[in-house]
Amino acid sequence: MLPRLLLIVATVTAGSLLAQSPAPVAPAEPVRPSYPNPGTSSSSPASAAAAVPLSPGVSAPSGYILSANDQVAVEVFGEEDLRTNGRLNGEGNLSLPLLGSIHLGGLTLTQAAARLTDLYARDYLVNPRVNVMLVGYAKRRFTMLGQINRPGSYEMPDGSPEGIDLLEAVAMAGGYTRIAAPERISVRRHSSSGKDEIIRVDAKRLARGDRGNFTVLPGDAITVGESIF
């Protein structure tokens, strides 16, 4: 009777130990840190595409007309592959994805955007939205000659690509020499007829405010006369 009792007690004790043992736990997967892909963010794909900026533009005057060598940026909203940043060639054309070489010279920025919108909508996109932005002006120059401290060719300032005041042009060239005659300035200018015209300007009166101002245009050649003693 005693051995049977011991067997029962041993069985109960073993069952109690098994009940108290914790269940086996599967080994945890190692935690791998996640890194964002270069050039992307945690936002939606649309937001990521919009985050790719165009080159900063310049503040073009209202109604500014594009010409050869102007640099522009073209954006087709939602179509990142169609973004373009480049200069118009000597004929005023710009090479664009899908469209090829398109003439934009002689158009305002608004007109250029409308033209590209029409071309993309004609064969490639549904309701495209196109923006054309001026990134940099073509290099427009004028020449200072005669009795000026630094004769030579000068670029129009970015803020005044279409022309600057004559007195500002004189200052850019270092001012007059000691024997200069500001009242005897001549400006050689290309006319629309293809012939050069000579304009006489009295800068002394301009400096006194007697005759408003005189605007130097791109391509002008200004010659400051010499005093006659």
Side-chain angles (χ1 to χ4, degrees), residues 57-74 85-95 101-115 132-177 179-228:
V58 298
S59 180
S62 177
Y64 178 80
I65 296 176
L66 294 170
S67 63
N69 298 316
D70 277 342
Q71 183 176 358
V72 298
V74 178
N85 189 324
R87 286 192 180 275
L88 277 64
N89 64 16
E91 298 176 350
N93 299 333
L94 181 68
S95 181
S101 182
I102 301 299
H103 187 73
L104 299 181
L107 302 179
T108 65
L109 295 173
T110 301
Q111 290 170 337
R115 180 170 190 182
V132 179
M133 180 170 56
L134 184 66
V135 176
Y137 293 106
K139 300 305 182 184
R140 292 165 165 81
R141 309 183 74 88
F142 63 94
T143 304
M144 297 294 296
L145 302 170
Q147 297 304 315
I148 203 81
N149 283 314
R150 294 196 299 269
S153 178
Y154 291 86
E155 291 181 6
M156 291 288 179
D158 284 343
S160 306
E162 297 300 316
I164 59 172
D165 184 78
L166 174 60
L167 299 181
E168 183 180 352
V170 170
M172 288 178 64
Y176 303 117
T177 65
I179 60 173
E183 70 278 8
R184 297 176 52 241
I185 291 179
S186 62
V187 179
R188 181 183 295 273
R189 176 173 294 171
H190 300 293
S191 66
S192 56
S193 63
K195 296 181 179 180
D196 289 352
E197 58 178 327
I198 303 297
I199 306 170
R200 308 293 180 184
V201 183
D202 186 342
K204 272 191 174 180
R205 291 189 176 184
L206 295 180
R208 292 196 301 262
D210 292 351
R211 291 191 177 182
N213 57 17
F214 179 86
T215 301
V216 175
L217 302 180
D220 282 356
I222 299 97
T223 302
V224 178
E226 180 180 342
S227 294
I228 301 175

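Not measured: the values here are computed from a predicted model. Just so you know, residue 1 is the first one in the sequence shown, and it goes up from there.
Nearest heavy atoms, Arg87 versus Leu94: O-CD1, 3.8 Å. Of all the heavy atoms in Ala181 and Glu226, the pair that sits closest is CB-C, 3.8 Å. Nearest approach of Ile185 to Ala203, heavy atoms of both residues: CD1-CB, 3.6 Å. The two residues Thr108 and Gly63 have their closest heavy-atom pair at CG2-O, 3.7 Å. The shortest heavy-atom contact between Leu134 and Ala60 is CD2-CB, 3.7 Å. Closest of all the heavy-atom pairs between Asp70 and Ala138 is OD1-N, 2.7 Å.
Atom CD of Glu197 has more than 12 heavy atoms from other residues, nucleotides or ligands within 6.0 Å.
A donor-acceptor pair under 3.5 Å links the side-chain atoms of Arg150 to the main chain of Met172, judged by distance alone. With hydrogens and angles disregarded, no donor-acceptor distance shorter than 3.5 Å links the side chain of Asn213 to the backbone of Asp165. Of the possible donor and acceptor atoms, one in the side chain of Ser227 sits under 3.5 Å from a partner among the backbone N and O of Ile179.
Separating the CG atom in Leu107 from the CD1 atom in Ile65 is a distance of 8.5 Å, to the nearest 0.5 Å. Rounded to the nearest 0.5 angstrom, Tyr154 OH and Thr143 OG1 are separated by 10.0 Å. Between atom CG of residue Asp196 and atom NE2 of residue His190 there is a gap of 5.0 Å, rounded to the nearest 0.5 Å. Met133 CE to Leu109 CG: the interatomic distance, rounded to the nearest 0.5 Å, is 10.0 Å. Between the CG atom in Asp202 and the CZ atom in Arg184 there is a gap of 11.0 Å [rounded to 0.5 Å]. Residue Gln147 holds its CD atom at 10.5 Å from OG1 of Thr223, rounded to the nearest 0.5 Å.
Evaluation of the ring pair (Phe, Tyr, Trp, His ring centres under 6.0 Å) rule for Tyr137 yields Tyr64 as partners, not counting sequence neighbours.
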Point to revise | Candidate pair Leu145 and Ile222, rule side-chain contact (heavy atoms from CB on, under 4.5 Å), full reasoning | key: CA-CA 6 Å; Leu145 302 170; Ile222 299 97; over 6 Å; no

Practice item. Kindly determine whether Met144 and Val170 satisfy side-chain contact (heavy atoms from CB on, under 4.5 Å), including the steps that lead there. Key: CA-CA 8 Å; Met144 297 294 296; Val170 170; 4.0 Å; yes

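At a threshold of 4.5 Å between non-hydrogen side-chain atoms, the residues Pro218 and Phe142 do not count as touching. Residues Val187 and Val216 form no side-chain contact, since every pair of their non-hydrogen atoms from C-beta on lies 4.5 Å or further apart. A heavy-atom distance below 4.5 Å is found between the side chains of Ile164 and Pro157.
Checking Arg140 against Ser67 by side-chain atom types alone, a donor-acceptor pair falls below 3.5 Å.
In this structure, Arg141 pairs ionically with Glu155, as a charged nitrogen and a carboxylate oxygen lie closer than 4.0 Å.
Considering Asn93, Val72, Ile102 in turn, Val72 is the only one that fulfils the side-chain contact (heavy atoms from CB on, under 4.5 Å) rule with Leu88.
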